[in-house]
Amino acid sequence: MAKIAINLTTGSLQKEDIIVGIDLGTTNSLIAVIHPETKQPTVLKEIDHTTLVPSIVHFGLNGNLSVGNEAKEFLITDPERTIFSVKRLMGKSYKDVEDASYFGYRIIDDNSEGLVKIAVDDKFYTPIELSAFILKALKQRAEHILKTPVYRAVITVPAYFNDTQRQATRDAGKLAGLDVLRIVNEPTAASLAYGIGLKTGEEKTIAVYDLGGGTFDISILRISNGVFEVLSTNGDTYLGGDDMDKAIVNHWLQTYNIDSDKIDADKAMAQQLRLYAEEAKKALSTNEHFTVAFKNLQLELSRPQFEVLIQPLVDKTLSACQSALKDAALSINEIDAVVMVGGSTRVPLVKKSVGEFFNKAVTDTMNPDEVVALGAAIQADVLAGNNKELLLLDITPLSLGIETMGGLMDVLIPRNSKIPTKAGRQYTTQKDGQGSMRITVYQGERDLVKNNRKLAEFNLTGIPGMPAGLPKVEVNFLVNADGILVVKAKELRSGVEQSIEIKPQYGLTDAEVEERLLDSLQHAKDDMQTRALVEAQTEAQVLIETTNSFLDKNAHLLSNDELTATQKSIADLKDMIASEDKNIIQQGIEMLNNISRPYAERVMDEAIRVAMKGRQI
Ligand code: ADP
Ligand code: MG
């Protein structure tokens, strides 16, 4: 199956061009290519030699947007408008976000199951949009350095990223004007960078230890004939270099009797202290001692003191390694190599402890910040067909998915997935007592199904009467090695099921595939905006319905003022839905939530109190 390149600026099709590899990190992002002359994987550097783009976006008051180092400076002075760690929010709903107070900016808690949004002043952004700003900055950097338009990319994600998170990353790329040819696991990219897994006939089992700014991942990979299989992953999504910085800050607060209330109250001072802590940590990777002036104090830290502070963090990573080995059913001596990834693996205690744990010298000769991006560039080169040694498996040329609420395309199998492949997702009913569900299968890259190609539809019937939202309908897509798509739908509570077989490639020429891809890239921005609007409208509609049904049941428990305010807010939200402006609709949703939340909680507490009355507990 052919892969097609489209020049986004000219709209023309190109056969030969550069594909970039991108490490879209929680803390830092990088972009790399196979150098056109030296043919070596190379991280793109600015004239000042910086390679890392901090994954930070700042929204200035005047509408000025900055990304990277420029944005990082505002962490201190303007925390509410400086968005960091957005990768943690990719593909997540509010209830998935463990610690919203971790973020200095506003994450919208509208109690919905939908994906999180970030509010900056009166505008609402999705993690996808925010990641797209970072990707766009990387793309511009590459275009500036390479002096050629860049529109094709391989982007890396953690091995544990689920379907939704991977799709969100793809969407971010699309929004940034990039054709994302492949999403690659970070540990796979890291091992490619070290040349592991590139030779035919090579069989290896490796551990990739990745300690970044805010996250720790350990992945065990089995590599056989160019195919990378993830045997197990483990880690901690809230453990990394930032925690070392925090430990240093706490140590200094205690040692110098700094009033921690005062620090808490003064965000700028707290940030400054944190930056000094990071400086200390980095310095101690090569030096034995660090000192800096802070206010009227001289802050100090020695390497042995630092090691005592971080020992518990290092121990935690080792017990995760232990679990990963156990899950992969492997013993330490079955691991052929331990690849070190992430800026925090520069800490000498980390290297030493990991080496001792695995009982072998760690693989750390490359720059741990760069290995993932370099590996992504190698994977890009393989996709470009330049590395003939690696077998390229068949892929799906267009995405496959089904229609969901509001006529949106929900992709189950993204384009360029290796086949055979399968994917599944759960859906539910919209109406009480709904006895059937229509499954409509589409192919294409556009966000609204009406712009895609309809492949088939069928009804899953016989769903027993249940309140809306209760049935669990699992839809499974399977593309077998011959490219035949089998779609199955099953209601899990009752067991009723139905399936259908489709030939997605049937009647579609290469030229038509090209046309559809071009079409989707040209409409990417409009499409994403339409999707965001339809999602906001659907969310508002659902909120109005649930609020109305709450009022039907509980109106007598509310004061007149509460009732009037709620009804007014509902009426306002209805008008806002018609406004076709997603930011206005989001504001309306927040307003209605803010009004109803206090009494909804009160009524809930009351219900629990009544239920518990007279019971022995
Ligand atoms: P991520 O993959 O999460 O984006 P990185 O791999 O870029 O993160 O790692 C960033 C972390 O590495 C930060 O916490 C940073 O302070 C830390 N780091 C960078 N250089 C050093 C160093 N020389 N010594 C210790 N830690 C470092
Ligand atoms: Mg990383």
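Atoms within a ligand are numbered from 1 in the order they appear, just like the ligands themselves. What you are looking at is a predicted structure, and each value in this text was computed from that prediction instead of being measured.
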Undergrad: Is it true that a side-chain atom of Thr363 and a backbone atom of Ala337 form a donor plus acceptor pair closer than 3.5 Å?
TA: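 Side chain of Thr363 to backbone of Ala337, a donor-acceptor pair under 3.5 Å: no, none is there.
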Undergrad: Can you list the ligand 1 atoms lying under 4.0 Å from a non-hydrogen atom of Gly342?
TA: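 Contacts of ligand 1 toward Gly342, numbered from 1: 6 (O).
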Undergrad: For the pair Tyr276 and Phe294, name the ring-plane relationship: parallel under 30°, tilted 30 to 60°, perpendicular over 60°.
TA: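 The rings of Tyr276 and Phe294 stand perpendicular, inter-plane angle above 60°.
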Undergrad: On the 0 to 90° scale, with breaks at 30° and 60°, tag the Phe59-Tyr125 ring pair as parallel, tilted or perpendicular.
TA: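 Rings of Phe59 and Tyr125: parallel, as their planes differ by under 30°.
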Undergrad: Considering only heavy atoms of Thr27, which atoms of ligand 1 have at least one such atom less than 4.0 Å away?
TA: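 Reading through ligand 1 atom by atom, the close ones are 1 (P), 3 (O), 4 (O), 8 (O).
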Undergrad: Enumerate the residue pairs fulfilling salt bridge (charged side-chain N to carboxylate O under 4.0 Å, His left out) with a member in residues 363-376, sequence neighbours excluded, ordered by first and then second residue.
TA: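 Sorted pair list: Arg346-Asp369, Lys351-Asp364.
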Undergrad: Between Gly214, Gly343, Gly240, flag the one that comes closest to atom 5 (P) of ligand 1 by a heavy atom.
TA: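 Result: the heavy atom closest to atom 5 (P) of ligand 1 is in Gly343.
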Undergrad: Which of the numbered atoms in ligand 1 are below 4.0 angstrom from a heavy atom of Gly25?
TA: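 By the 4.0 Å cutoff, the relevant atoms are 4 (O).
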Undergrad: Check this for me: does any side-chain nitrogen of one of Glu80 and Arg106 sit under 4.0 Å from a carboxylate oxygen of the other?
TA: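 Looking at Arg106 together with Glu80, the answer is no, because their closest N to O distance does not fall below 4.0 Å.
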Undergrad: For atom 2 (O) of ligand 1, what's the nearest protein heavy-atom neighbour? Residue, atom name and distance, please.
TA: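 Result for atom 2 (O) of ligand 1: Gly212 CA, 4.2 Å.
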Undergrad: Looking only at distance, does Asn28 have an N or O less than 3.5 Å from an N or O of ligand 1?
TA: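 Yes, since at least one N or O of Asn28 sits under 3.5 Å from an N or O of ligand 1.
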Undergrad: May I ask which of Glu370, Met244, Lys281, Glu278 has a heavy atom nearer to atom 14 (O) of ligand 1 than the others do?
TA: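 Minimum heavy-atom distance to atom 14 (O) of ligand 1 goes to Lys281.
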Undergrad: Where is the nearest protein heavy atom to atom 10 (C) of ligand 1: which residue, which atom, and how far?
TA: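 Result for atom 10 (C) of ligand 1: Gly213 N, 3.6 Å.
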Undergrad: Within the 4.0 Å heavy-atom shell around Val347, which atoms of ligand 1 are there?
TA: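 By the 4.0 Å cutoff, the relevant atoms are 25 (C).
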Undergrad: Answer yes or no on whether Arg88 is positioned over the face of Tyr238, meaning its NZ or CZ is under 6.0 Å from the six-membered ring centre and within 45° of the axis.
TA: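 Satisfied, under 6.0 Å and within 45°.
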Undergrad: With the side chain counted from C-beta on, respond yes when Lys281 and Asp245 share a heavy-atom pair under 4.5 Å apart, and no when they do not.
TA: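 Side-chain contact under 4.5 Å: yes.
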Undergrad: Tell me whether Lys174 contacts the main-chain N or O of Glu445 through its side chain, where contact means a donor paired with an acceptor under 3.5 Å.
TA: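 Yes, Lys174 side chain to Glu445 backbone: donor-acceptor pair under 3.5 Å.
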Undergrad: Which of the numbered atoms in ligand 1 are under 4.0 angstrom from any heavy atom belonging to Gly241?
TA: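 Answer, ordered by atom number: 14 (O).
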Undergrad: Name the closest protein heavy atom to atom 19 (C) of ligand 1, giving the residue it belongs to and the distance to 0.1 Å.
TA: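 Minimum-distance protein heavy atom for atom 19 (C) of ligand 1 reads Lys282 CE, 3.6 Å.
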Undergrad: Where is the nearest protein heavy atom to atom 20 (N) of ligand 1: which residue, which atom, and how far?
TA: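 Result: Arg346 NH1, 3.1 Å.
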Undergrad: Polar-atom distance check: Asp245 versus ligand 1, any N or O pair below 3.5 Å?
TA: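 N/O-N/O distance below 3.5 Å does not exist for this pair.
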Undergrad: Quick test: of every protein heavy atom, which one is nearest to atom 25 (C) of ligand 1, and how far off is it to 0.1 Å?
TA: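 Protein heavy atom at minimum distance: Ser285 OG, 3.3 Å.
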Undergrad: Return the orientation label for the Phe84 and Tyr105 ring planes: parallel under 30°, perpendicular over 60°, tilted otherwise.
TA: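 Perpendicular.
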